[in-house]
Amino acid sequence: MHPTPPYHFDLTAGFATFFQGRYGGDIFEEGILHKLLDVNGHLCLSRVHSLGTVAAPELEVELTGPILNNSVLDAARQQIAWILGIEQDLTGFYRLVKEDDALASLAEAMRGLHIPHVASIYEALVLAILGQQISSHVAQVLRTLLIERYGQSLDIDGVLYRSFPRPDALASAGVDGLHALGFSVRKSEYIWEISRQVTSGTLDLEGLRARSDEEVAQALIALRGVGPWTVHWLFIRAFGRTDGFPYGDLALCRIMGQLFNAGTPFTPEQALDYSRRWSPYRSYVTAYLFAAKRSGYAFPSV
DNA sequence: GGCCAGGTTCGCT
DNA sequence: AGCGAACATGGC
């Protein structure tokens, strides 16, 4: 597999798994990403590692599973390509940030980071609601519990791999089942309601891919538990749109305040106003700022 | 122990 | 419209 250069596999896979290590069902260790895919109902373990360089990237993908016909293999490869964002072209974004010293050095430090995508809109939506207003550490604990309790699993050579729960699993878990894991009753209700609608076919999340930003936002905000922050997070991580900007994100307001406001956090309005100069590449700016924060990058102050 | 975390809803002026 | 509380939990 040949990603569009520049492509930094470790940074991109590390972003997808939050830090190197375990992330719910996903494992990224020693340069190898292990991820159990759920491809049209077929479980398929993928192992991905890099053979190339940032400038000349190449990925090797190994697929293992009980039922691997050509169509499953094909779909699995496509899913990996999507998850790892290999087709993204960063040149427009890099050209844009040259105008800004702080962003330019940050982009240079993270050169080749593509935005990893979540496999399905449903998974991204549940994860976004799960992560609202709780620390990333707590979110990681809850996510792992959710996947271990309700996800699919596959034993390969004595190792149990897991994938994200299917909508019907969370629908039948019920509000009580989710609450028992440590979710608030309210979050349990949100996730349960969405899972039920997806299971019954009332809600076609994947069908939203063909719609405009405005139509997607309208459809998603109609769901309980989904506000503007969640919609934009999904634009970035699930729809692969380039101009998402999570309005009201506390951490983002702080990072942007460090970079552009002498250390004083931006208000959500200030952050949104400031972000307009990055359009239509705000998804990349957002991802790079978060990636930098996670990696301990020392943000230069104004 | 108090306060806060990569929000959203709900009920009150 | 706009404001504050509630939500649930782990870490500092």
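No experiment lies behind these values; they were computed from the predicted model shown. Any value given below was found using the heavy atoms of this structure, including those in side chains, with hydrogens, waters and symmetry copies removed. Convention: sequence-line order gives letters A, B, ...; per-chain numbering from 1.
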Checklist entry - A/W229 has an atom CH2; how far is it from atom C1' of B/dT9, in whole Å? => result 15 Å
Checklist entry - Would you call the rings of A/H34 and A/Y161 parallel, tilted or perpendicular, where under 30° means parallel and over 60° means perpendicular? => result parallel
Checklist entry - How close or far is atom P of B/dC10 from atom NZ of A/K187, stated in whole angstroms? => result 15 Å
Item to check | With sequence neighbours excluded, residues passing ring pair (Phe, Tyr, Trp, His ring centres under 6.0 Å) with A/F235 | outcome: A/H232
Checklist outcome for this item: A/Q140 atom CD is separated from B/dA5 atom P, nearest whole Å, by 19 Å
Checklist entry - Rounding to a whole Å, what distance do you find between A/Q132:CD and B/dA5:C1'? => result 13 Å
Item to check | B/dT8 to C/dG10 separation - P atoms, rounded to the nearest Å | outcome: 23 Å
Checklist outcome for this item: Sorted by chain and number, sequence neighbours left out, ring pair (Phe, Tyr, Trp, His ring centres under 6.0 Å) with A/Y247 holds for none
Next on the checklist: Applying salt bridge (charged side-chain N to carboxylate O under 4.0 Å, His left out) as the test, list every pair that has at least one member in residues 240-250 of chain A; sequence neighbours left out.
Outcome noted: A/D213-A/R241, A/D243-A/R282
Next on the checklist: Once you apply a heavy-atom cut-off of 4.0 Å, does A/P246 come out as touching a base, just sugar-phosphate, or nothing?
Outcome noted: nothing
Item to check | salt bridge (charged side-chain N to carboxylate O under 4.0 Å, His left out) pairs, two or more places apart, involving residues 31-42 of chain A | outcome: A/D26-A/K35, A/D38-A/R166
Checklist outcome for this item: The contact string for nucleotides 5-12 of chain C, one letter per nucleotide 5' to 3', using protein heavy atoms under 4.0 Å with B, S and - for base, sugar-phosphate only and none, comes out as -BSBBSS-
Checklist entry - Which whole-number value in Å describes the distance from A/H232 NE2 to B/dG7 P? => result 15 Å
Checklist entry - Atom CD1 of A/I191 and atom P of B/dG7: how far apart are they, to the nearest Å? => result 15 Å
Checklist entry - Which residue pairs pass the side-chain hydrogen bond (donor to acceptor under 3.5 Å, both in side chains) test when at least one of the two sits in residues 175-189 of chain A, sequence neighbours left out? => result A/R186-A/Y190
Item to check | Residue mapping more 5' on DNA chain B - nearest nucleotide basis, A/F290 or A/R224 | outcome: A/F290
Checklist entry - For the residue pair A/F260 and A/W278, does the interplanar ring angle fall in the parallel (under 30°), tilted (30 to 60°) or perpendicular (over 60°) class? => result tilted
Checklist entry - Taking CG from A/L127 and P from B/dG7, how many angstroms apart are they, rounded to a whole number? => result 15 Å
Next on the checklist: Just the rounded figure in Å: distance from P of B/dG7 to CG of A/L223.
Outcome noted: 19 Å
